[in-house]
There are 2 protein chains.
Amino acid sequence: MDKKVVTIYDVAEAANVSMATISRVVNGNANVKEETRKRVLEVIDRLNYRPNAVARGLASKKSTTIGVILPDITDLYYASLAKGIDDVASMYKYNIILTSLQESVGDEEQILNNLLSKQVDGLIYMGKQLSKKLKRTLANSKTPIVLAGSVDKNNETASVNIDFADAVYSVVNQLVQNGHKKIAFVGGSLENPIDGKFRLDGYKKALKKAHINFSSNLVFEAEYSVRAGEAIWDAVKNSGATAAYVTEDLLASGLLNSAMKSGIKVPDDFEIITSNDTILCEVTRPKMSSIEEPLYDIGAVAMRLLTKMMNQEAIDENTIKLPYSIVKRESTR
Amino acid sequence: MDKKVVTIYDVAEAANVSMATISRVVNGNANVKEETRKRVLEVIDRLNYRPNAVARGLASKKSTTIGVILPDITDLYYASLAKGIDDVASMYKYNIILTSLQESVGDEEQILNNLLSKQVDGLIYMGKQLSKKLKRTLANSKTPIVLAGSVDKNNETASVNIDFADAVYSVVNQLVQNGHKKIAFVGGSLENPIDGKFRLDGYKKALKKAHINFSSNLVFEAEYSVRAGEAIWDAVKNSGATAAYVTEDLLASGLLNSAMKSGIKVPDDFEIITSNDTILCEVTRPKMSSIEEPLYDIGAVAMRLLTKMMNQEAIDENTIKLPYSIVKRESTR
DNA sequence: AATAACGTGGAAACCGCTTGCAAAATGTGA
DNA sequence: TCACATTTTGCAAGCGGTTTCCACGTTATT
């Protein structure tokens with residue numbers, strides 16, 4: 001029963017060297033005689049010494065901790081990104097402090113400050129947008145940050161993504177090839193630049209190429225939820241659309257299920273293609289075709305990029321676009 | 001442009017008081033004249049002072065951080081628990097360090113030590129089982145821990161759960177009521193006490209009550225995945241079962257989809273009821289009936305319990321069972 | 001008016017570890 | 001064997017706060 005926590009002093013005393021030496025062996029500093037190192041390691045082991053990371057952090061000004069900010073961990077999109085981040089982080093011996101963006105939007109500033117006060121060595125942000133104010137706070141704290149699965153319109157901030165516009169262009173183009181003239185775009189809030197700008201741009205471009213006029217009647221905004229998808233089906237159907245590109249999987253599955261229930265056969269009568277290739281695509285019946293965003297990889301690469309920034313290594317490209325692909329399942333022909 | 005980070009000294013100097021006073025106002029200590037407090041707060045605001053949590057942690061021996069250990073964040077079960085934890089944690093001003101149990105089992109010890117070295121004030125564990133060794137390490141670090149959605153066979157460790165056995169008893173009983181004689185139990189590894197002991201016990205008890213002999217031919221072990229569910233359908237069907245209780249949603253959805261594809265109508269020809277009531281239940285068609293485990297609440301309550309333990313408050317009950325309910329959707333009659 | 005009791009705020013000792021610098025120990029070559 | 005180079009080690013000053021112990025100026029009490 002360890003009465004009290006054992007510190008570096010205790011180890012030093014027991015090993016008959018100064019604490020500096022202990023510190024050196026713990027940190028793998030080369031300037032320690034092999035014999036001493038062995039002796040110290042033994043003592044460490046015997047005493048069950050566990051360096052206090054907080055004290056270490058204070059002295060070294062490195063916390064080996066990074067902050068991860070995301071909207072909702074129960075959203076598979078973010079969970080997948082998080083997993084990639086987590087795996088790479090632990091590979092590099094970093095810990096992750098996870099914080100969710102609560103409903104209350106106003107406090108992003110507070111969340112950030114909290115994380116900075118904890119002296120995180122870096123940040124990964126997956127929210128919709130990084131406000132000017134946050135950017136400023138970040139800038140003069142000089143804590144590196146990278147966006148994962150989220151974009152910065154001006155490319156000022158490092159980010160890892162796929163080329164949303166291009167991906168959407170491809171799938172819509174595919175639908176056009178399949179003979180559709182009226183293709184619905186079912187997305188979340190168009191305020192969000194990913195949906196409202198990049199994806200919508202890709203959609204428009206594909207239409208343009210096919211000489212189909214863009215009609216805002218075919219653009220639908222809905223919440224990302226099964227229910228919203230189910231609810232919006234009638235409107236989509238009534239718009240005359242014969243196919244839909246959906247920006248999120250829950251929404252798509254709701255839409256799909258309503259369609260099937262109403263007797264419309266997917267993909268024969270109506271094609272649907274969605275965006276995130278989460279496990280939901282495998283669970284619906286028919287299974288959903290989807291743009292395959294390498295979510296795990298995006299997270300992993302973002303984290304890797306962050307490690308480079310934390311080490312002040314040179315970064316060749318601050319906006320990384322990972323290759324996407326398209327997974328054909330059963331909701332498209 | 002803040003050249004350097006502002007410390008408590010800078011604030012003290014600017015406000016013309018000692019650092020002790022600054023510390024007092026930051027920590028809401030009462031022994032500060034109102035006037036002084038105001039002046040200090042102004043200076044803090046003006047200088048944009050952000051207390052260094054690491055230094056604070058070292059001095060106060062509290063990190064206001066808790067460690068969360070879980071198997072896989074992309075599993076909606078854990079993600080839901082995590083969300084409950086996160087919300088309550090942030091309510092109480094704690095940060096969460098999230099760590100995943102990698103494939104490599106051996107290093108749970110290491111993960112724990114890492115977390116302890118970061119001086120977490122408490123831990124929430126969602127793994128399968130807490131090994132003796134880990135318990136020992138925990139014990140003499142005296143860091144409080146609570147299990148969320150995970151059980152401790154001996155009730156030594158605080159935990160928050162539902163009554164798995166009872167819940168399964170209820171649903172299987174329901175299936176019996178519906179006239180089924182052969183009911184399959186489709187679970188994950190029976191090594192895991194939740195499935196192999198509690199749930200299976202509930203299943204057996206329900207059979208017993210109905211004077212149905214337990215047959216191990218009706219018990220299926222599979223991985224928690226859609227694919228495994230799809231793959232196991234034939235075996236389940238061939239066992240002669242006319243209904244199944246499944247312990248996890250991915251598995252259930254695979255089973256369901258295979259059934260439907262093979263022409264078996266659910267619920268008319270075959271009933272299925274699953275366990276976690278994640279969003280997957282809403283995405284399949286037909287939607288799946290499920291035991292409704294209040295995952296979010298389990299997480300939230302676990303975290304709340306942990307805060308009490310961290311504050312040394314008296315705990316009335318160290319094993320909390322939350323009420324479950326049963327959500328009837330379309331996969332049961 | 002002297003004394004007691006507060007309410008405030010300062011001094012300084014840590015918290016446990018890192019690290020620059022200098023001393024000690026060891027090795028090297030002539 | 002001695003001077004000098006090279007390893008190893010120890011010393012001690014922080015890192016940025018918290019917190020205990022005290023002192024001082026006020027106000028209340030008798």
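Each chain gets a letter, A, B and so on, in the order the sequences are listed, and its residues count up from 1. What you see is a predicted model; the values in this text were computed from it and never measured.
Rounding to the nearest 0.5 angstrom, the gap separating the CG atom in B/L112 from the OG atom in B/S141 is 7.0 Å. Rounding to the nearest 0.5 Å gives a distance of 9.0 Å between OG of A/S90 and CG of A/N95. Here CG of A/D152 is found 5.0 Å from CG of A/N154. Values are rounded to the nearest 0.5 Å. Interatomic distance, CD1 of B/I111 versus CG of B/L123, reported as 11.5 Å (0.5 Å rounding). B/I73 contributes atom CD1, which lies 12.0 Å from atom CG of A/L81 (distance to the nearest 0.5 angstrom).
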*asked:* What does the B/S/- profile of nucleotides 22-28 of chain D look like, 5' to 3', with a 4.0 Å heavy-atom cutoff to protein?
replied: -------
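The side chain of A/T21 contributes an N or O atom lying less than 4.0 Å from OP1 or OP2 of D/dG10.
The environment of NZ in A/K133 is sparse: at most 12 heavy-atom neighbours from other residues, nucleotides or ligands sit within 6.0 Å. Crowding of B/K62 atom NZ: a count of heavy atoms from other residues, nucleotides or ligands under 6.0 Å not exceeding 12.
Rotation axes derived from the C1' atoms of the five outermost pairs at either end of the helix from C/dA1-D/dT30 to C/dA30-D/dT1 lie 40° apart, to the nearest 10°.
Contacts between residues 111-119 of chain B and DNA chain D, defined by a heavy-atom separation under 4.0 Å, are absent.
The shortest distance between side-chain heavy atoms of A/Q129 and A/P193 falls below 4.5 Å. At a threshold of 4.5 Å between non-hydrogen side-chain atoms, the residues A/M310 and A/Y94 count as touching. At a threshold of 4.5 Å between non-hydrogen side-chain atoms, the residues A/I66 and A/L306 count as touching. With contacts defined as side-chain heavy-atom distances shorter than 4.5 Å, the pair A/P294/A/I162 qualifies. Proximity of A/V146 to A/N318: side-chain heavy atoms (C-beta onward) are nowhere separated by under 4.5 Å.
Test B/I85, B/I298, B/D75 against B/M126 for side-chain contact (heavy atoms from CB on, under 4.5 Å) and you get one pass: B/I85.
Here A/V54 lies out of heavy-atom contact (under 4.0 Å) with every strand. B/N52 comes within contact range of the sugar-phosphate backbone alone, with a heavy-atom separation under 4.0 Å but no base atom that close.
Taking the salt bridge (Lys or Arg N to Asp or Glu O under 4.0 Å) definition, one finds that B/R37 meets it with B/E34, sequence neighbours left out.
Protein atom CD of A/E35 is 18 Å distant from nucleotide atom P of D/dT7, rounded to whole Å.
In the model, B/T65 has a side-chain atom that pairs as donor or acceptor with a side-chain atom of A/K118 under 3.5 Å.
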Between protein and nucleic acid, restricted to nucleotides 18-20 of chain D and to nitrogen or oxygen atoms under 3.5 Å apart, what atom pairs and distances do you find?
{"unit_1": "D/dT18", "atom_1": "OP1", "unit_2": "B/N27", "atom_2": "OD1", "d": "3.4"}
{"unit_1": "D/dT18", "atom_1": "OP1", "unit_2": "B/N27", "atom_2": "ND2", "d": "3.0"}
{"unit_1": "D/dT18", "atom_1": "OP1", "unit_2": "B/R56", "atom_2": "NH1", "d": "3.2"}
{"unit_1": "D/dT18", "atom_1": "OP2", "unit_2": "B/S23", "atom_2": "OG", "d": "2.5"}
{"unit_1": "D/dT18", "atom_1": "OP2", "unit_2": "B/N27", "atom_2": "ND2", "d": "3.4"}

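Protein chain B touches strand DNA chain C; the 5'-most and 3'-most nucleotides with an atom under 4.0 angstrom of its non-hydrogen atoms are C/dT8 to C/dG16.
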